[in-house]
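Some notes on the structure that comes next.
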Amino acid sequence: MSIQIQQVSKSFGTFHALNDISIDIESGELIALLGPSGSGKTTLLRILAGLESLDEGVIRFDGQNITNVHPKERQVGFVFQHYALFRHMTVFDNVAYGLKVRPRKTRPPKAEITKKVNELLSLVKLENLANRYPSQLSGGQRQRVALARALAVEPKVLLLDEPFGALDAKVRKELRRWLRKLHNEFHVTSIFVTHDQEEALDVANRIIVMNNGKIEQIGSPEEVYEHPKNPFVYNFLGNVNLFKGRLHNGKLTQGQLEVNVESLHGSYEEAVGYVRPHEIHIEKVQVDNETVGAKIVHIHVVGPIVQIELRREDTGEYLEAEITKEHYKKLIVNKGDVVFIRPKQLKVFIPEDFSI
Amino acid sequence: MIAPLKINKETSMSMSHSSTKSYSLQESAITKWTLIIISLLFLLLFLILPLLSIFVMAFEKGWETYIASITEPDALSAIKLTLIVAIIVVPLNAIFGLVAAWAITKFSFKGKNFLITLIDLPFAISPVIAGLIFILLFGAGGYFGEWLLQHNLKIVFALPGIVLATLFVTFPFIVRELIPLMQMQGITEEEASISLGASGLKTFLLVTLPNIKWGLLYGVILCNARAMGEFGAVSVVSGHIRGMTNTMPLHIEILYNEYQFTAAFAVASLMSILAIVTIIIKNLIEWKAKNV
């Protein structure tokens, strides 16, 4: 089912949780709503489910205006952050709930409900735990029960609020993969909220980056990671090094560093260059002005990537670089060495006050 | 006798694993047993002895007198009235308690704190004043007295007055039990139920009620105990008409004032049995609620 969110705004008292949000979601997409806490992502999800009212705007499911439709009629599967399993019901009864509470006319017969629930339990690999209570399950198991319960009503949209937030790292990774697999099988339009950029990049096929109740960028994981539209997205998705300097004639200068910038022309007293750690090149000798001297403060070798912390000789600012282990072995550097760093792919943003 | 043994076991355990309990909290055996003995003696003197004496006095003149004193017409009428009051008051307060606790914990609205304070009012007001309120409102000289007289309605010195006074006094018991419980449980399970397509009524019956049933029952039992035992407020509005508007506590007082000690204690023993049963049920519920 496709979803259109049109000019939605929502305030809690004087706090603007959502500010004129418009998003088009196509049928079968797997969307991540990514943002820091307080960015309005959970509010948006709850509005889609009908658990929260909106002040302005329209929500359409398949073109149909459902803004004022009661949540129980929206056919939305909602997975709550802390699962919200019915604590006095067994796993089986939890999953069966959505089918059992249907009005008599549309309620499937008992045998059919049992069959369906057992199918779902085997899908989430919990057949053996059907008679357990939620308190007897681990976090990952509870999460899977919550998913099965939401899927039981055959929702047209699956909404997940921080689905992996309360789980430990390993289970989280497993469930992530599993969610993607599930989505590939069912093709139900799914939206999940997360504050973990890695999770969003890993699972979603489209990411909506939110901040302060506004959308910062919408795009594929690759797009938002490789081509962030603004400093916020740059900062929020992955580590980044900042070069604050002056822009003049297509050159960003800061201290002894001078970098060519192709994308921006004109002069600005203040400009900020953003460079990802893996886009910082380390050289042992200075070739030109596009490099600057830095002292290695710390070397962190784990796995195939080597993280190097450096301190610039001219400004004293700290930088982070990431190089492959192979490159690291060839380079032969040690803690305390002075090397020259070259920012490849510098993306420059002009702070808003100066851009007008 | 079980409790001290349990404590003993715990301390001996914490001695073998010194990390399980703060060392500074470990007292010497003398201190521990002195404290236990003091509290046991206190309980014996002020609770168990008086309770026993009720039964001793009740059976002083034998079984026959006992049976006779609780089956004479005035006593029977007092027992009947007490039960009627409880049967009316407890369900009403249960419904009110559910509604108020639901409103307070599941919605946010202006004046919520004021409502919570208002619910506590009966705890703060002396029962005698609670009774007087109804005399002032519905008594012959009260605000509605004239009107009631014209329409031949009796509230004070009759069952409605007793029910109203008891309602007032036992108001907070159930709602006070439910609010913290429902606050703790939050509203996400209800939201989950609604988003799964359940109606409001089904959500209440299948999700909310099972989650609060032990708390509700606990509140009902406390409310019932107080409804049957209330003296002050009921005494003011009842008018003490024998065989008509006397509840059990009032009946006991009258018997006692007339020096019919055995009869007074016989009825008192009935109420005591009720109290003991209540405490047992209350403990069973607590135990059950913990083990669910």
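Convention: sequence-line order gives letters A, B, ...; per-chain numbering from 1. Computed over heavy atoms, backbone and side chain alike; hydrogens, waters and symmetry mates excluded.
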Heavy-atom proximity to chain B below 4.5 Å, by part of A/R46 = side chain

Gap between atom CD of B/E190 and atom CG of A/L51 - 0.5 Å precision | 12.0 Å

Quick check: are there more than 12 heavy atoms from other residues, nucleotides or ligands sitting under 6.0 Å from CZ of B/F42?
-> no

How about A/Q64: does its CD atom have over 12 heavy atoms from other parts shown lying under 6.0 Å from it?
-> no

Can you tell me if B/K202 uses its side chain to pair, donor with acceptor, with the backbone of A/V101 under 3.5 Å?
-> yes

Looking only at heavy atoms, what is the nearest atom pair of A/A84 and B/A192, with distance?
-> O-CB, 3.9 Å

Has A/K156 got more than 12 heavy atoms of other residues, nucleotides or ligands less than 6.0 Å from its NZ?
-> no

B/S199 side, atom OG; A/H70 side, atom NE2 - distance, nearest 0.5 Å = 9.0 Å

What part of A/L159 lies closer than 4.5 angstrom to a heavy atom of chain B: side chain, backbone, both or neither?
-> neither

Check B/L196, B/N211, B/L206 against A/F86 for a side chain to side chain contact (heavy atoms under 4.5 Å, CB included) and give me the one that passes.
-> B/L196

Go through the atoms of A/A146 and report whether side chain, backbone, both or neither lie under 4.5 Å from a heavy atom of chain B.
-> neither

Under 4.5 Å heavy-atom distance to chain B, tell me which part of A/V153 shows up: side chain, backbone, both or neither.
-> side chain

Region of A/R102 that comes under 4.5 Å of a non-hydrogen atom in chain B = backbone

Is it the case that more than 12 heavy atoms not belonging to B/K112 sit under 6.0 Å from its NZ atom?
-> yes

Can you measure from CZ (A/R74) to OG (B/S195) and round to the nearest 0.5 angstrom?
-> 11.0 Å

Kindly check if the number of other-residue, nucleotide or ligand heavy atoms within 6.0 Å of CD (A/Q136) is above 12?
-> yes

Residue part contacting chain B, namely of A/H82, when any heavy atom lies under 4.5 Å | neither

Would you indicate whether B/K106, at its atom NZ, is surrounded by more than 12 heavy atoms from other residues, nucleotides or ligands within a distance under 6.0 Å?
-> yes

Check whether any side-chain heavy atom of A/R87 sits under 4.5 Å from a side-chain heavy atom of B/Q185, and report yes or no.
-> yes

Rounded to the nearest 0.5 Å, how far apart are OG1 of B/T188 and CZ of A/F78?
-> 10.5 Å

